[in-house]
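Below, read A as the first sequence line, B as the second, and so on, with proteins coming before strands; counting in each chain starts at 1.
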Amino acid sequence: MLRNRTTKFLLLGVLVAAGTLIAETKKEFHFNVGPRAGVSVTNPYGSISVKPSQNNTVVVNAVLHSDKVEIDQNQTGNRVDIQSHLLAGADPESGRVDFEVLVPADASVTLHCSTGTLHAEKLRGDVTLEGAGAAVDVRDVSDAHVHVKTMNGAVNLDNIQNGHVEVDSVSGDVTMTSVTGPLVQVVSTSGRINYIGDFGNSGEYRLTSHSGDIDAIVPEWTSADVSARSVKGEVHDDIPLQPKSHSWFPMDKGRAFAGTVGRVAVSSTVVLRTFSGKIHLRKRADKQ
Amino acid sequence: MNCVELQHSLAEVEDASTAEQRAHLRTCPSCAALVKELNLIASAAGDLREADEPSPRVWNNIEATLREEGLIRPAPRHIPSSFGARWGTFGWLVPAAAMLLLSFGIYLHQQSTKPTNIIARQAPTYAPNVATADLNDEELLQEIADNSPAMKTQFEENLRQVNESIRDTQGWVRESPNDAEARHSLMDAYQQKSMLFEMAMDHTLP
């Protein structure tokens, strides 16, 4: 009796899996582009992953989860536009498309989605990622603008060198590891901001969250001119700072600190600000 | 011809008079609405050329709007049908977001035109009021509930947090009018709200 029931369940599982596979459709598109091409992918529901291609081609692999969505694709000169086109009756499940896109490393990439994951790696062109509930993951990008906008999706930036980085997130946590550049700016309402790195050289770093905590973990040899302030929360500083003679905000004890660490000549400007969150500047435990 | 191709073809033949364009428009109400809107804009643009200056009523409206603390009170406003056709039932979101951005722009402009040391000493001449924190929120959430119910709870919670941050920072500005950081934070809070409205529009575009 038990074996009979188990068999039925297994059979049902196989049928469901087979049905899913049948409903899924794979599509592949190829485009030849020149240097510094522009690639845009808009996908309401589903993930988009972008990696570098080996040559001057854009390769788009799309997995469509039902026939209630189709792909519009267009190339105009050096620009490629890909868009999931929802048909009548499509919902987040049936309208889902998962993209894997290969682009020349120097291409500028713009990705939009509402839910799912946005991922980009090993690129040298500008990267713009926007999505309300999308989780964002960008890594190994250099000499580029990286602009991210999310509502509540978590944002993870890893190894962004010489970047012009701007992140806006309402409630998603933002984690940056080895992110440096002339401008690194994060604005959040309630998300937590974690920065792990050395604040580069001569850049401007502004990390702001209204109620989220801000944690910066830096090596002792960091050179930075640091200002930190929490209006209602606490600030903690594990790294000895050379105090500044003049500050542009009230230095309430326990709620603000400002000073210089390392060599002033090559230091970056770091501003950490929160209204009710906590700020913690920590020393990274490493051998450097 | 699909929607993207149609839109690109409009750059060449803007009146959508080719056989291919007409065939697509017959089967795609969305593109048909877009073309209708473009035609309306084109004809309206012709009228605009005749006037060197906007009507005084425009300036009066802006002045009155800015004078009132609620830059965008949720008074029902008529959206021209062609405009609404492009954005569907979300047409009202566009002016809402635009007015939000306008308020940021004014605020930003006031800051950028003053030297930093003066900013630190002067009280702000303009600080958006609490009332704007309630800007069309209910309508926004209702539209999302109707069209993207799965996202409604998320938008609701995030909107609540942003409104709370606006209220907090407004209080901060009132307590410390000489604090440039307070004003900067208020601007950030409004920008976050603007971003939410933008995302609501993006989300509903499909």
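- For the pair Met151(A)/Glu157(B), no side-chain contact is recorded, criterion being any heavy-atom separation below 4.5 Å from C-beta on.
- In terms of non-hydrogen atom pairs under 4.5 Å with chain A, the most contact-rich of Asp168(B), Leu196(B), Val162(B) is Asp168(B).
- Across Asn152(A) and Gln154(B), no two heavy atoms sit closer than the pair ND2-OE1, 2.9 Å.
- Across Ser169(A) and Gln192(B), no two heavy atoms sit closer than the pair O-OE1, 3.2 Å.
- Closest of all the heavy-atom pairs between Val170(A) and Met195(B) is CG2-CE, 3.7 Å.
- With respect to Arg229(A) and Asp179(B), a salt bridge is recorded, a charged nitrogen being found less than 4.0 Å from a carboxylate O.
- A distance of 10.0 Å separates CD in Glu164(B) from CZ in Phe275(A), rounded to the nearest 0.5 Å.
- Pairing each heavy atom of Ala132(A) with each of Met151(B), the nearest pair is CB-CE, 3.8 Å.
- Counting all heavy atoms, side chain and backbone alike, Arg273(A) lies closest to Asp188(B) at NH2-OD2, 2.6 Å.
- In this view, Glu70(A) satisfies the salt bridge (charged side-chain N to carboxylate O under 4.0 Å, His left out) rule with no residue, not counting sequence neighbours.
- Of the N and O atoms on the side chains of Ser190(A) and Gln161(B), at least one donor lies less than 3.5 Å from an acceptor on the other residue.
- Annotation: maximal heavy-atom pairing with chain B below 4.5 Å, among Ser276(A), Ala90(A), Pro92(A), Ser188(A), occurs at Ser188(A).
- Ser211(A) does not touch chain B: none of its heavy atoms, backbone or side chain, sits under 4.5 Å away.
- Heavy atoms closer than 4.5 Å to chain B are found in the side chain of Val231(A), but not in its backbone.
- With a 4.5 Å cut-off on side-chain heavy atoms, Asp168(A) and Gln191(B) do not count as touching.
- Your options are Thr150(A), Asp91(A), Thr208(A), and the one with the most heavy-atom pairs under 4.5 Å with chain B is Thr150(A).
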